[in-house]
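Chain A is the first sequence line, chain B the second, and so forth, proteins listed ahead of strands; every chain is numbered from 1. Note that this is a predicted model, so its numbers are computed, not measured.
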Amino acid sequence: RKEVEQDPGPFNVPEGATVAFNCTYSNSASQSFFWYRQDCRKEPKLLMSVYSSGNEDGRFTAQLNRASQYISLLIRDSKLSDSATYLCVVNMYNNDMRFGAGTRLTVKP
Amino acid sequence: ETGVTQTPRHLVMGMTNKKSLKCEQHLGHNAMYWYKQSAKKPLELMFVYSLEERVENNSVPSRFSPECPNSSHLFLHLHTLQPEDSALYLCASSQRGTGELFFGEGSRLTVL
């Protein structure tokens, strides 16, 4: 089983759609969780941390399910500018950050 | 100067060359990282330095040799590389315990 696994997509959605990504992780002792965004030929940048109680930042909602070892990212009212690759990142222990392969999202007019 | 700066941005080298990648962070962080990003594969953690001490070497071949002379600078020395080492090499820094990584723009390496 991969340490961090994501559906690679691509997800092609119209503007205004709601889209959800899931990510599973193998190490039950993992400490913290994040979603990063990577635009084409750019470096990854932190989108949001994922807290146990779930958290929301504008149109973005992140959830963590420790029992099932998965995290999710929900994007509401998609914008063209949301087109990017979304990376699931798991802090395994001691700042050993492991990345998923990413899920590619394209939002179309 | 802001953030994390990597040089060179692009590098083409032969298998017998020796070159180095450089990374500098201006964020006052105490940890620095090298990641490798190949097409359609997850970012692979290569090395972690915390307070200038290497705390992680993720089974990386010895043809990659990291150096961290101080908390702001990180090098990746390259020698006798293989064509399959062609990839984007990303440097990152963080304040240990926060979990947030700040990446440089990467050095795109092509090995001929």
Chemist: Can you get from B:Val60 to B:Leu76 by hopping between Ile, Leu, Val, Met, Phe, Trp and Tyr side chains that sit under 4.5 Å apart?
Modeler: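 Same cluster.
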Chemist: State the CG-OG distance between A:Asn91 and B:Ser94, to the nearest 0.5 angstrom.
Modeler: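 Interatomic distance, A:Asn91 CG to B:Ser94 OG, rounded to 0.5 Å: 9.0 Å.
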Chemist: Just verifying a value: how many Å separate B:Phe103 CZ and A:Lys42 NZ, rounded to the nearest 0.5 Å?
Modeler: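 That separation rounds to 15.0 Å.
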Chemist: Determine whether the side chains of A:Glu43 and B:Gln6 contain a donor N or O and an acceptor N or O closer than 3.5 Å.
Modeler: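 There is no such pair (donor and acceptor under 3.5 Å, judged by atom type) between the side chains of A:Glu43 and B:Gln6.
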Chemist: Heavy-atom distance under 4.5 Å to chain B: side chain of A:Phe33, backbone, both or neither?
Modeler: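 Neither the backbone nor the side chain of A:Phe33 comes within 4.5 Å of chain B.
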Chemist: For B:Leu101 and A:Phe34: C-alpha separation, side-chain torsions, deciding distance, then whether side chain to side chain contact (heavy atoms under 4.5 Å, CB included) applies.
Modeler: CA-CA 10 Å; B:Leu101 295 170; A:Phe34 308 87; over 6 Å; no
Chemist: After noting the C-alpha distance and the side-chain angles of A:Tyr36 and B:Glu100, does the key distance pass the side chain to side chain contact (heavy atoms under 4.5 Å, CB included) rule?
Modeler: CA-CA 10 Å; A:Tyr36 276 68; B:Glu100 181 177 0; 4.1 Å; yes
Chemist: Given that the side chain runs from C-beta out, which part of A:Gln38 has a heavy atom under 4.5 Å from chain B: side chain, backbone, both or neither?
Modeler: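 The side chain, not the backbone.
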Chemist: Heavy atoms only: give me the nearest A:Phe99-B:Pro42 pair and the separation to one decimal.
Modeler: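 Looking at all heavy atoms of both residues, the shortest contact is O-CB, 3.3 Å.
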Chemist: Show your working on side chain to side chain contact (heavy atoms under 4.5 Å, CB included) between B:Leu45 and A:Met97 and close with a plain yes or no.
Modeler: CA-CA 8 Å; B:Leu45 178 64; A:Met97 307 282 278; over 6 Å; no
Chemist: So for B:Leu43, is it side chain, backbone, both, or neither that comes closer than 4.5 Å to the heavy atoms of chain A?
Modeler: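 Interface part for B:Leu43: both.
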Chemist: Do B:Phe75 and B:Tyr35 belong to the same hydrophobic cluster, where Ile, Leu, Val, Met, Phe, Trp and Tyr are linked whenever their side-chain heavy atoms lie under 4.5 Å apart, directly or via other members?
Modeler: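 Not linked; separate clusters.
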Chemist: If hydrophobic clusters are built from ILVMFWY residues whose side chains come within less than 4.5 Å, do A:Val13 and A:Phe60 share one?
Modeler: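 Same cluster: A:Val13 reaches A:Phe60 through Ile, Leu, Val, Met, Phe, Trp or Tyr contacts under 4.5 Å.
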Chemist: State plainly whether one hydrophobic cluster holds both A:Leu46 and A:Val89, where clusters connect Ile, Leu, Val, Met, Phe, Trp and Tyr through side-chain heavy atoms under 4.5 angstrom apart.
Modeler: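 Yes: a chain of side-chain contacts under 4.5 Å links A:Leu46 to A:Val89.
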Chemist: In terms of hydrophobic clusters joined by side-chain contacts under 4.5 Å, are A:Tyr70 and A:Leu87 together?
Modeler: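 Hydrophobic grouping puts A:Tyr70 apart from A:Leu87.
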